[in-house]
Asker: 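First, the structure itself, so that you have it in front of you.
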Amino acid sequence: MSTRDTTGRTALVTGASSGIGREIADIAAADGYDLVVTARREERLRELAEAVEADHGVSATVLPQDLAEPDAADRLYEAVRDAGIDVDVLVNNAGVPLYGPFAETDRETERDMLRVNVTTPTELTRLFLPAMVDRGRGGVLNTASLTAFYPVPRKAVYGATKSYLLSFSRAIAHEVEDDGVTVTALCPGVVETEYAERGNVEESGTMSGVTNDPRSVAEAGWEGFRDGERIVLPSGIATYAAQLTRVLPRKTVTGLGEQTIEEGASWI
Ligand SMILES: NC(=O)c1ccc[n+]([C@@H]2O[C@H](COP(=O)([O-])OP(=O)(O)OC[C@H]3O[C@@H](n4cnc5c(N)ncnc54)[C@H](OP(=O)(O)O)[C@@H]3O)[C@@H](O)[C@H]2O)c1
């Protein structure tokens, strides 16, 4: 896949134990990157590491970590440094949803979601980006969401975490554009992964509309990152929906956001 020399370069992928993150890790390895993979389920990470080492001849380091822990980013950073690894590409992919009216959702679950979706990716970027800037190469790929473009009633905080990630990605992409470093926000619509089993999503209609497969989303994300794109909308429908949010009245957009939850993405 690669036309550039990626020998000895390393991609750190969070949320690599399933779904989009597992696919991004495999694609990065096929592209010649050594890997550091993290998530909570160590066994899954070990299986992935064995598979990419056998299939792609790269090395893969498994560093299990609960990214909802307050000091998760520091722990991971220190574990990477202790292993003597320089991270060239940081993939902030781990994320969890939470479905339900804000007045009723569980506060602890919400706090954990904020840590996994916002605090830890921000702190990991804080820790790994300066060395990328010093080296004059590398970058960050953040898995945001199509929901980053509009408010999502009944997934209010989840939607807002993704808007944060998109805004954060665009701002830093601008800051480092002359430093040889790129930052990309991957913004998929609904993807068939274990996401559907998390955060009460099964109780919503989210998964009932148009869905994407994680491999094609990961391929679009990685290719967009390698091309230095700032935003990747991995399907025509996602692109169309993101554009719609720019021209429709705000209240209409919020109503459509609600419909994506109740009826899946059938409105697009
Ligand atoms: N699926 C969709 O419809 C969709 C749409 C737009 C955006 N996204 C975003 O895509 C990203 C990947 O999700 P996915 O769809 O691939 O779902 P997934 O299969 O559920 O993957 C989520 C990943 O995040 C990890 N994770 C969750 N909580 C964690 C924690 N506390 N500490 C460490 N790792 C944690 C999981 O690993 P462990 O459970 O092993 O810890 C898993 O590897 C997320 O950021 C999600 O918000 C998904």
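Atoms within a ligand are numbered from 1 in the order they appear, just like the ligands themselves. Heavy atoms only: backbone and side chains are in, while hydrogens, waters and symmetry mates are out.
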Asker: Heavy-atom distance under 4.5 Å between the side chains of Asn92 and Phe128, does that happen here?
Answerer: no
Asker: Nearest heavy atom to atom 36 (C) of ligand 1 wins, so pick from Glu194, Arg198, Arg40.
Answerer: Arg198
Asker: For Thr143, counting its heavy atoms only, list the atoms of ligand 1 lying under 4.0 Å from any of them.
Answerer: 9 (C), 10 (O), 11 (C), 45 (O)
Asker: Listing request: all side-chain hydrogen bond (donor to acceptor under 3.5 Å, both in side chains) pairs with a residue in residues 170-190, at least two apart in sequence or in separate chains.
Answerer: His174-Arg230, Glu177-Arg230
Asker: Work out whether the distance between some heavy atom of Gly189 and some atom of ligand 1 is less than 4.0 Å.
Answerer: yes
Asker: Which atoms of ligand 1 sit under 4.0 Å from any heavy atom of Ser18?
Answerer: 18 (P), 19 (O), 21 (O), 42 (C), 43 (O)
Asker: According to side-chain hydrogen bond (donor to acceptor under 3.5 Å, both in side chains), does anything in residues 131-140 pair up with another residue at least two apart or in another chain? List the pairs.
Answerer: Asp88-Arg137
Asker: Would you mind listing which atoms of ligand 1 come within a distance below 4.0 Å of any non-hydrogen atom of Val96?
Answerer: 27 (C), 28 (N)
Asker: Report, in ascending order of atom number, the atoms of ligand 1 lying under 4.0 Å from any heavy atom of Ala16.
Answerer: 43 (O)
Asker: What are the atoms of ligand 1, with element, lying closer than 4.0 Å to any heavy atom of Ile20?
Answerer: 10 (O), 15 (O), 16 (O)
Asker: Out of Asn117, Asn93, Leu76, who is nearest to atom 11 (C) of ligand 1 when you count heavy atoms only?
Answerer: Asn93
Asker: Does ligand 1 have a heavy atom under 4.0 Å from the side chain of Pro214, from its backbone, from both, or from neither?
Answerer: neither
Asker: Under a plain distance cut-off of 3.5 Å, with no hydrogens placed, do Asp112 and Thr109 share a side-chain donor-acceptor pair?
Answerer: no
Asker: Between ligand 1 and Cys187, can you find any atom pair, the residue atom being a heavy atom, that is separated by under 4.0 Å?
Answerer: no
Asker: Given 3.5 Å as the limit, does a donor-acceptor pair link the side chain of Thr211 with the main chain of Val191, or not?
Answerer: no
Asker: Which option out of Gly95, Ala144, Ala218 puts a heavy atom nearest to atom 7 (C) of ligand 1?
Answerer: Ala144
Asker: Looking only at side-chain N and O atoms, does Asn93 offer a donor or acceptor that is under 3.5 Å from a partner on Thr14?
Answerer: no
Asker: Closer than 4.0 angstrom: is that true for some heavy atom of Lys162 and an atom of ligand 1?
Answerer: yes
Asker: Quick check against the 3.5 Å criterion: does Glu53 have a side-chain atom that pairs as donor or acceptor with the backbone of Ala60?
Answerer: yes
Asker: Enumerate the atoms of ligand 1 whose separation from the nearest heavy atom of Gly19 is less than 4.0 angstrom.
Answerer: 16 (O), 19 (O)
Asker: Over 60° means perpendicular and under 30° means parallel, so tell me whether Tyr164 and Phe168 are parallel, tilted or perpendicular.
Answerer: parallel
Asker: Within a strict 4.5 Å, meaning less than it, do heavy atoms of the Ser18 and Arg41 side chains meet?
Answerer: yes
Asker: Do we see a donor-acceptor contact under 3.5 Å between the side chains of Gln65 and Thr38?
Answerer: no
Asker: Using only atom types and a distance under 3.5 Å, with no angle test, would you say the side chain of Asp71 pairs donor to acceptor with the backbone of Asp74?
Answerer: no
Asker: Identify, by atom number and element, the atoms of ligand 1 in contact range of Arg41, meaning under 4.0 Å from any of its heavy atoms.
Answerer: 37 (O), 38 (P), 39 (O), 40 (O)
Asker: May I ask whether Arg115 places a heavy atom under 4.0 Å from ligand 1?
Answerer: no
Asker: Just jot down the ligand 1 atoms closer than 4.0 angstrom to any heavy atom of Gln65, in number order.
Answerer: 32 (N), 33 (C)
Asker: Using heavy-atom distances only, which candidate in Asp112, Val191, Ile24, Leu48 approaches atom 1 (N) of ligand 1 most closely?
Answerer: Val191
Asker: Does the N or O separation between Thr193 and ligand 1 drop below 3.5 Å for any pair?
Answerer: yes
Asker: What do you reckon, does Pro188 put a non-hydrogen atom under 4.0 Å from ligand 1?
Answerer: yes
